[in-house]
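Owing to the predicted nature of the structure, the values given are computational and were not obtained by experimental measurement.
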Amino acid sequence: MLKMRFVRVLAIFISAVPAFAVPMTLRVDATEAPRKIYHAELNIPATPGPMTLFYPKWIPGDHAPTGPINDLAGLRISAAGQPLVWKRDSVELFAFHINVPPGANSVDVRLDFLSPAENGTNSPVSATSELAILTWNQLVLYPRSQASDHLEITAQLRLPEGWKFGTALPVAKTSGGSVEFKTVSLTTLVDSPVLAGRHFRRIDLSPGATPAHYLDIAADTDDALSAPAEVIDKYRRLVREARALFGATHYIEYHFLLAASDQIAHFGVEHHASSDDRSRENFLTDPISHLVGATLIPHEFVHSWNGKYRRPEGLATRDFEEPMKGDLLWVYEGLTEYLGWVLAARSGLISPESNRQFLALSAAGLDNRAGRQWRPLADTAIAAQLLYDARSDWESRRRGVDFYDEGLLMWLEADVSIRKQTQGRKSLDDFCRLFYGPPSGPPQVKPYAFEDLIETLNSIALYDWKGFFETRLNRTGTDRAPLGGVEAGGYRLAYVEQPSEAQRATEQIRPGLSVAYSIGLRLDRDGSIVDVLPEFAAAKAGIGPGMKIVSVNDNRYSRDVLREAIRNTKNGGPLDLRVANGRSFVTFKLDYHDGEKYPVLQRNGQAPLLDDIMKPVTR
Ligand SMILES: [Zn+2]
């Protein structure tokens, strides 16, 4: 049944391509993935004369020119068996110039991709001895003669012996360790990573339903695959809740590609018909580990609608060389962050209580961002391609990619506002159905502008939405986050003496300590100071990032020792921090007397709309 549907959809894609087009071919040898090297061979149709081939530079989902060109090696180009000289463009370093000899109708390209063995700036570890996540943009060169939607390519992949795989890329046939994929556009190829591994499990998340949804898991051990039945059930509910929220799907089938390993980098990348979800080895088997990453898969799933199907004009580019414009990332990422938070609760992947605790953590971070004095939220989106790589020292003064968490707060406020204005008859769910909903169909991109959002919101509830967003996006000089949605949703941000379960879980999984809202410090496990909040006692005493706390009131530093000393300031205890700064040691005496402070949401007098929003809409 599914195979038949693929044939029909491919016919639509192919008919959009000029009849004379001959597909490029790509053969990837991934048998050496465990030793961190891939080999690729391409055949690219060509005509005699000068030709330029490009390595993908602007990677969808990264919103930045992160194509890992430093890891391209072994480049050899030939035509009819004769080697060609290539020369890199001295301005556009992702471009390679060649001269195609008379009589040749294609060129052959061989290249290696050096898969990182340690996490660098934009090239995360993606292969272990047991599994690999293969992203095709790392393995191709292509001409810019047509938009990437219209360049056709037929890929083949060889995997290490005994490895299984999952991908949204339609398979033509498999034989032995080799997979032949159907011909697709270069856009679809790059949008369809492959997850492969020795320890592999596929779980049907929507049995008997159309479209199909699969959770494909590759892990470093067999044990890591044994997700409890109730966890699987929650992911099945996620599929139903998302379908109910948007009212349509824009894929033929969907693959959640979950890599569970402590050796790889942990993050997610969205695709039209799949998501590349990378988590800890015990993600599915350890409740604390799952709690800390509970919104990862919902977030990436939401992107199939918000980001892939509907995409800001500035991010819907012709190919992988055209620069992206990030000004609407507060929608692309911010609304996704909000809907991922909503769906995680509606599907039971996280309890409402825990979800509120994580919201309190991010709201407190934003509410104490010194950088909002000079930098408007809009600028964090425009500068996203710089900020993704920004360091975390002085992050509060700089601001980071705040359009994620602050976007969540803005969209929560919009949702609460619609509910109040319409006396509960309408909500942001109605916006989702109108903007991202029917008709269902195969992947396509429908770009939008700011005005399209405003128009759709006004059709749900007439309001000054333009002013609503522009105020929150452009203001500076305030030190407060937009907490209107939290407050009108029945809660207020408050500080208590005990860290929440969510904060404890986070500190257990990602070593470090935040005492940001008492003395204004974020620290690494060993006491190294990561960030200092300028308005708090530690900063006022003269402490800065890069220093390292060695002792607290003459006791050797540990998380507990620091916490206890902060607690005792309430009883008049001192807070003397001995700090190493390069070659010197300095003792800073903090003028602080208010004990421990950790963020939580507490009920205020208003109706708890926040909890209504998190209630499941399916059974
Ligand atoms: Zn995202």
Side-chain angles (χ1 to χ4, degrees), residues 13 16 56-67 135-137 147-151 168 184-193 242 245-252 254 268-276 298-340 378 380-385 388 401 403-404 407-408 410-411 428 431-457 469 473:
F13 285 153
K57 178 178 184 180
W58 289 81
I59 308 305
D62 284 4
H63 322 307
T66 50
T135 38
W136 299 99
N137 60 279
S148 58
D149 281 357
H150 300 305
L151 276 174
V184 294
S185 69
L186 183 63
T187 305
T188 299
L189 183 81
V190 169
D191 191 43
S192 310
L245 174 64
F246 296 110
T249 50
H250 307 289
Y251 42 79
I252 301 302
Y254 191 93
V269 184
E270 63 275 20
H271 300 283
H272 248 301
S274 63
S275 50
D276 171 358
H299 175 105
E300 301 307 342
F301 191 32
V302 165
H303 270 317
S304 177
W305 291 267
N306 182 34
K308 288 297 166 180
Y309 171 53
R310 298 306 310 266
R311 196 174 308 168
E313 283 170 342
L315 295 172
T317 47
R318 177 189 189 270
D319 57 28
F320 309 105
E321 313 309 308
E322 186 186 332
M324 295 177 183
K325 300 187 191 87
D327 26 338
L328 286 176
L329 279 170
W330 57 273
V331 189
Y332 184 121
E333 294 296 356
L335 178 54
T336 298
E337 197 67 7
Y338 177 60
L339 296 175
T380 69
I382 292 168
Q385 53 186 282
Y388 276 114
V401 285
F403 53 86
Y404 283 81
L408 184 159
M410 280 200 303
W411 285 102
L428 203 65
F431 167 81
C432 288
R433 270 188 294 279
L434 270 183
F435 206 70
Y436 304 103
S440 289
Q444 60 161 315
V445 183
K446 278 180 74 179
Y448 65 84
F450 179 62
E451 292 69 32
D452 301 318
L453 282 178
I454 301 306
E455 196 178 307
T456 310
L457 282 165
F469 286 113
L473 285 164

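The main-chain N or O of Glu270 is found under 3.5 Å from a side-chain atom of Glu300 such that the two form a donor-acceptor pair. In this structure, the side chain of Thr188 does not engage the main chain of Val184 through any donor-acceptor pair within 3.5 Å. Judged by distance alone, with hydrogens and angles left aside, the side-chain atoms of Arg318 form no donor-acceptor pair with the main-chain N or O of Ser148 at under 3.5 Å.
Phe435 carries Arg310 over the face of its six-membered ring, with the cationic atom under 6.0 Å from the centre and within 45° of the normal.
Between Trp58 and Met324 there is a side-chain heavy-atom pair separated by less than 4.5 Å. Inter-residue side-chain proximity for Tyr388 and Asp62 is flagged as unmet; no heavy-atom pair is nearer than 4.5 Å. No side-chain heavy atom of Tyr254 sits under 4.5 Å from any side-chain heavy atom of Thr249. Looking at Trp136 and Pro56, their side chains never come closer than 4.5 Å, going by heavy atoms from C-beta outward.
If you look at Tyr338 and Trp330, their ring centroids are not closer than 6.0 Å. You'll find the ring centres of Phe403 and Tyr332 outside the 6.0 Å limit.
With sequence neighbours left out, the ring pair (Phe, Tyr, Trp, His ring centres under 6.0 Å) criterion links Tyr309 to His250.
One distance of note links CG of Leu335 with OH of Tyr404; it measures 13.0 Å at 0.5 Å rounding. In this structure, Leu189 CG and Leu151 CG are separated by 11.0 Å, a value rounded to the nearest 0.5 Å. How far OG of Ser185 is from CG of Asp149: 5.5 Å, rounded to the nearest 0.5 Å. Here Asn137 contributes atom CG and Ile59 contributes atom CD1; the two are 4.0 Å apart, rounded to the nearest 0.5 Å. The line from OG1 of Thr187 to NE2 of His272 is 9.5 Å long, rounded to the nearest 0.5 Å. Here Leu408 contributes atom CG and His299 contributes atom NE2; the two are 10.5 Å apart, rounded to the nearest 0.5 Å.
Looking only at atom types and distance, the side chain of Gln385 has no donor-acceptor partner in the side chain of His63 under 3.5 Å away. Side chains of Ser274 and Tyr251: a donor-acceptor N/O pair is absent below 3.5 angstrom, by distance only.
Nearest heavy-atom pair across Ala242 and Trp305 is CB-CH2, 4.0 Å. When every heavy atom of Ala381 is checked against every heavy atom of Asp327, the shortest pair comes out as CB-O, 4.1 Å. Among all heavy-atom pairs drawn from Thr135 and Pro193, the shortest one is CG2-CB, 4.0 Å. Of all the heavy atoms in Phe246 and Pro438, the pair that sits closest is O-CD, 4.0 Å. The two residues Arg311 and Lys308 come nearest to each other via the heavy atoms NH2-O, 3.2 Å. Shortest non-hydrogen contact noted between Met410 and Leu473 is CE-CD2, 4.0 Å.
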For Tyr436 and Asn306, run side chain to side chain donor-acceptor pair (under 3.5 Å): C-alpha distance rounded to whole Å, both residues' side-chain angles, the deciding distance at 0.1 Å, then the answer. CA-CA 7 Å; Tyr436 304 103; Asn306 182 34; 2.9 Å; yes
